[in-house]
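The first residue in the sequence is number 1, and the count goes up from there. Predicted, not measured: the structure shown is a model, and the values here were computed from it.
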Amino acid sequence: PRPAVQRALDADQPPPAGAESIAREARQARRSGRRVVINIPAFRLYLYEGSRLVRSYPVAVGRPSTILPNGKLVKSETPTGEFVLVNKVRRPYWYPPAWLKKAMGWPSGYRVAPGPKNPLGARWMAIWRAGYEGYGLHGTSDPSSIGRAVSLGCVRLRNDDVAELFELVEVGTPVLIVYEPAYLYTDQAGRRHLVLAPDVYGRGVDVVALARTRLRQAGWDDAVLAGEETPVWSVRDMVLAEGPGGGRKASDAGGLAAASGPQAAGAETRPVPVAVSWWSGLVVSEEAYREGGEIYLPLSGFPEVLHHYFRLAPDGSGYLLYGRSLEGVKERDGRLYIPLGAAAARFGLTVDWDDRTRTARVHF
């Protein structure tokens, strides 16, 4: 199992009931046929009744890594595997992890009462398996985080969605968390979809090649993928057929934004100097520049705790040690610059652009 500091980062909730009662409730839930499946790269939760899809909700998942107050970098990915739903709480209290209480100077009994500022939102549903205590499905006080890798390991839903799901599942419901950036599914109208999602945890998955494999296994033509590239910023949900017996012409059904960044800013035709700082105001770099709507940060601008994750490839391109190549790296005046939006997304960070001060603020 993961070290204790990497568990229960999102919510240090009371431990679940004994293993025997959990197993008994799980068997009962399986007889009812309901199960939850969460696909991390697609930022999506699916509720099934047998093989029938009952509901589908957008979610937020764990960021790839988190910097603790002592400067230590730990993984905060949402774990994969088979879990069981072991507890349901309406209007939950939030009990911050011990390390967070210590960093913030909060007393040992500090907690956040139910309400709009509670990080768990309107509902809390604990999921459990041996060695992975403290994880759960819950609401959020930050709806803008849905569709991104930003949590400390738990799975967030919009408050309206988590309230609905709360009524549709029972304690003992099986919960399967998977990492499938390319997959097929059929919706309630009988339309068949192909989903292409970002490799959010940088596991080196060739998403397009995986999609071709999935299509061929299903006996479908993979010509729809001609010219397709692995999504970097968003999930692509492509409709392959309009219903039973329908054609195989694909159409883009849209999707959730997987990360936000400064790309929406004005597109300059020449480099413009900008500043990059943490949300607290601490300057990250005053030597960044913006060009074509993207902000480029010198590699040396990242804090040392993150800097060691970057390496320079023999061909001069930059890449993350735990992920695939980082595209868009530029050399300028003999220095290596990386696209801030893409790099921040790898670490589960968010970038806000302040046009008035020409500053990009990076925050968790």
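Side-chain atoms of Arg34 never come within 3.5 Å of backbone atoms of Thr173 as a donor-acceptor pair (strictly under, hydrogens ignored). Under the 3.5 Å distance criterion, the side-chain polar atoms of Tyr201 are matched with a main-chain donor or acceptor of Thr78. Side-chain atoms of Asn87 never come within 3.5 Å of backbone atoms of Ala126 as a donor-acceptor pair (strictly under, hydrogens ignored). Between the side chain of Asn159 and the backbone N or O of Gly139, no donor-acceptor pair lies under 3.5 Å. Judged by distance alone, with hydrogens and angles left aside, the side-chain atoms of Ser76 form a donor-acceptor pair with the main-chain N or O of Arg63 at under 3.5 Å.
For Tyr46, there are no ring pair (Phe, Tyr, Trp, His ring centres under 6.0 Å) partners, not counting sequence neighbours. Among residues two or more places apart in sequence or in another chain, the side chain to side chain donor-acceptor pair (under 3.5 Å) test is passed with Ser145 by Arg156. Applying the side chain to side chain contact (heavy atoms under 4.5 Å, CB included) test to Ala163 and every residue at least two apart in sequence or in another chain returns Arg123. For Ser144, the side chain to side chain donor-acceptor pair (under 3.5 Å) criterion is met by Asp142, not counting sequence neighbours.
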Side-chain donor-acceptor distances from residues 108-121 under 3.5 Å, at least two apart:
from	atom 1	to	atom 2	distance (Å)
Asn118	OD1	Leu120	N	2.7
Asn118	ND2	Pro92	O	2.8
Asn118	ND2	Val112	O	3.1
Asn118	ND2	Ala113	O	3.2

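Using a 30° and 60° split on the angle between ring planes, Tyr337 and Tyr289 fall in the perpendicular class, above 60°.
Relative to the six-membered ring of Tyr179, Arg203 meets both conditions, a distance below 6.0 Å and an angle of at most 45° to the axis.
Looking at Pro198 and Val235, their side chains come closer than 4.5 Å, going by heavy atoms from C-beta outward. Looking at heavy atoms from C-beta onward, Met125 lies out of side-chain contact with Val175 at the 4.5 angstrom threshold. Ile146 places none of its side-chain heavy atoms less than 4.5 Å from the side chain of Phe43. The shortest side-chain heavy-atom distance between Ile38 and Leu137 falls under the 4.5 Å cut-off.
The salt bridge (charged side-chain N to carboxylate O under 4.0 Å, His left out) analysis of residues 205-219, with sequence neighbours excluded, yields the pairs Glu180-Arg214, Arg212-Asp222, Arg216-Asp222.
Distance check: Leu168 CG to Tyr57 OH gives 5.0 Å after rounding to the nearest 0.5 Å.
The side chain to side chain contact (heavy atoms under 4.5 Å, CB included) with Pro271 is formed by just one residue from the set Arg290, Arg332, Lys330; it is Arg332.
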field: Pair Met238-Leu196, side chain to side chain contact (heavy atoms under 4.5 Å, CB included): steps then yes or no
entry: CA-CA 8 Å; Met238 306 166 66; Leu196 302 179; 4.1 Å; yes
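Residues Leu85 and Ile177 fall within the same hydrophobic cluster, defined by Ile, Leu, Val, Met, Phe, Trp and Tyr side chains chained together at heavy-atom separations under 4.5 Å.
For the pair Arg90 and Glu167, the salt-bridge criterion is met [side-chain N within less than 4.0 Å of a carboxylate O].
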